[in-house]
Number of protein chains: 2
Amino acid sequence: MTEVATVRRSRLTPEREAELYRAVLDLLRQVGYDALTMDAVAARTRSSKATLYRQWGGKAELVAKAIRHLKPGSIADLDTGSLRGDFVALVTREDDCTIAENAALMRGLAMAVHGNPDLLEAFREFLIQPELEEFRRVLGRAVDRGEVRADNPALGYIVHMMLGAFATRTLIDELPPTQEFLISYIDAVILPALGVPTT
Amino acid sequence: MTEVATVRRSRLTPEREAELYRAVLDLLRQVGYDALTMDAVAARTRSSKATLYRQWGGKAELVAKAIRHLKPGSIADLDTGSLRGDFVALVTREDDCTIAENAALMRGLAMAVHGNPDLLEAFREFLIQPELEEFRRVLGRAVDRGEVRADNPALGYIVHMMLGAFATRTLIDELPPTQEFLISYIDAVILPALGVPTT
């Protein structure tokens with residue numbers, strides 16, 4: 001099964017894959033998830049629908065992976081030597097314009113989950129789980145350094161804390177999640193919950 | 001303006017108002033927000049549409065107030081003498097079945113906000129703001145008792161922390177937000193962020 005998957009993947013170069021993801025994101029921003037069709041993606045990228053389905057299985061997986069591709073590099077590679085440093089590096093990888101743009105995109109997609117359970121499934125598998133894995137590596141280093149106790153119960157609520165910041169900021173406050181806001185939230189909520197002194 | 005409002009309100013007794021809210025919630029659970037009509041509410045409660053519009057202005061306000069009416073009493077009245085006690089009392093007012101039922105209802109409504117900006121506006125005005133006011137009174141008492149420092153920055157992120165717990169639990173984990181989960185989150189995240197020792 002893994003071999004077959006490897007063979008299937010090898011048909012596209014990373015450059016071609018990136019180009020396809022960019023086209024998907026452009027279309028998403030223009031028409032939204034519900035109106036996005038595999039036909040439109042195929043037409044815009046001059047690929048066959050068969051190729052798209054072979055490579056990604058369907059629209060939900062293609063969109064989830066395109067979103068993941070937006071993230072610049074792996075957060076697990078940001079090793080600044082302190083947990084606060086790693087978190088700050090994480091939320092300052094993108095400038096405020098990019099954060100606002102991506103938050104608007106995610107807001108639309110979060111709503112599209114309504115009536116598209118396969119999209120939630122794809123998000124969980126290809127976006128949330130891989131990011132959570134990377135968070136675990138960042139947090140694991142903090143535990144190894146002695147910054148966070150291995151049994152700190154907040155370690156199990158990283159997604160809850162982060163998602164709360166993004167969702168409340170964009171949906172309730174209707175403000176963009178700027179770098180300044182995110183750093184302030186990390187210092188006020190996440191680090192204290194993890195028992196890490198912020199000053 | 002206030003007098004007019006008082007006169008308008010006085011047409012319905014609290015019992016009649018409660019009966020109307022129950023009918024709205026029943027309909028919401030059966031057909032969802034988008035398919036819910038003022039005609040159906042009027043028919044089921046044997047009231048005129050004119051009365052409904054006079055009293056609530058429209059569907060969004062009626063639904064937001066019906067949801068708020070679900071909450072048993074004011075959380076500001078829960079004065080146990082400690083912040084942890086108040087929070088635990090808050091999340092144990094409803095049993096796990098009721099919490100799960102209401103979470104399912106809120107999940108549907110959160111999705112209905114997509115394409116219904118007036119619903120978000122009504123939620124903000126008639127549900128989130130009043131609840132936030134009550135939280136502020138609970139937190140104000142904790143500050144007065146010396147449990148929380150008045151300048152603790154996490155005081156500004158109560159909604160972010162709470163919403164993160166509910167949204168992640170129901171949407172991402174796809175588990176009901178049980179009393180046990182909520183108390184564990186309060187102890188792991190909210191109280192440490194507020195600088196309140198949990199043991």
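Values below: every heavy atom of this structure, side chains too, minus hydrogens, waters and symmetry copies.
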Asker: For chain B, find which of A/Ala167, A/Ala154, A/Ala110, A/Ala112 contributes the most heavy-atom pairs closer than 4.5 angstrom.
Answerer: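 Looking at each of A/Ala167, A/Ala154, A/Ala110, A/Ala112 in turn, A/Ala154 comes out on top.
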Asker: Can you tell me which of B/Leu194, B/Leu155, B/Ile172, B/Ile190 forms the most heavy-atom pairs within a distance under 4.5 Å of chain A?
Answerer: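 Counting heavy-atom pairs under 4.5 Å, the top option is B/Ile172.
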Asker: Which heavy atom of A/Ala193 sits nearest a heavy atom of B/Pro192, and at what distance?
Answerer: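 So the two residues come closest at CA-CB, 3.9 Å.
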Asker: Using the ring pair (Phe, Tyr, Trp, His ring centres under 6.0 Å) rule, collect all pairs that involve residues 118-150 of chain A, keeping only residues at least two apart or in two chains.
Answerer: none
Asker: Linking Ile, Leu, Val, Met, Phe, Trp and Tyr by side-chain heavy atoms under 4.5 Å, what else ends up with B/Val159?
Answerer: B/Leu132
Asker: Answer with side chain, backbone, both or neither: which region of A/Leu191 has an atom nearer than 4.5 Å to a non-hydrogen atom of chain B?
Answerer: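 For A/Leu191, neither part sits under 4.5 Å from chain B.
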Asker: Quick check for you: to the nearest 0.5 Å, what is the distance between A/Met161 atom CE and B/Met161 atom CE?
Answerer: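 It is 10.0 Å, given to the nearest 0.5 Å.
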Asker: Given a strict heavy-atom distance threshold of 4.5 Å, which part of A/Ile128 is in contact with chain B: side chain, backbone, both, or neither?
Answerer: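 Contact with chain B: side chain only.
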Asker: Flag yes if A/Leu175 and B/Val113 sit in one hydrophobic cluster, no otherwise; membership is Ile, Leu, Val, Met, Phe, Trp, Tyr, and two members link when side-chain heavy atoms are under 4.5 Å apart.
Answerer: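 Hydrophobic grouping puts A/Leu175 apart from B/Val113.
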Asker: Hey, what donor-acceptor pairs show up under 3.5 Å between chain B and chain A?
Answerer:
residue: B/Arg124; atom: NE; partner: A/Ile172; partner atom: O; Å: 2.8
residue: B/Arg124; atom: NH2; partner: A/Leu171; partner atom: O; Å: 3.4
residue: B/Arg124; atom: NH2; partner: A/Ile172; partner atom: O; Å: 3.2
residue: B/Arg124; atom: NH2; partner: A/Glu174; partner atom: OE1; Å: 3.1
residue: B/Tyr157; atom: OH; partner: A/Ser184; partner atom: OG; Å: 2.4
residue: B/His160; atom: NE2; partner: A/Asp173; partner atom: OD2; Å: 3.0
residue: B/Leu171; atom: O; partner: A/Arg124; partner atom: NH2; Å: 3.4
residue: B/Ile172; atom: O; partner: A/Arg124; partner atom: NE; Å: 2.9
residue: B/Ile172; atom: O; partner: A/Arg124; partner atom: NH2; Å: 3.2
residue: B/Asp173; atom: OD2; partner: A/His160; partner atom: NE2; Å: 3.0
residue: B/Glu174; atom: OE1; partner: A/Arg124; partner atom: NH2; Å: 3.2
residue: B/Ser184; atom: OG; partner: A/Tyr157; partner atom: OH; Å: 2.4

Asker: Could you pull out the closest heavy-atom pair between A/Leu171 and B/Leu120, with the gap in Å?
Answerer: O-CD2, 3.5 Å
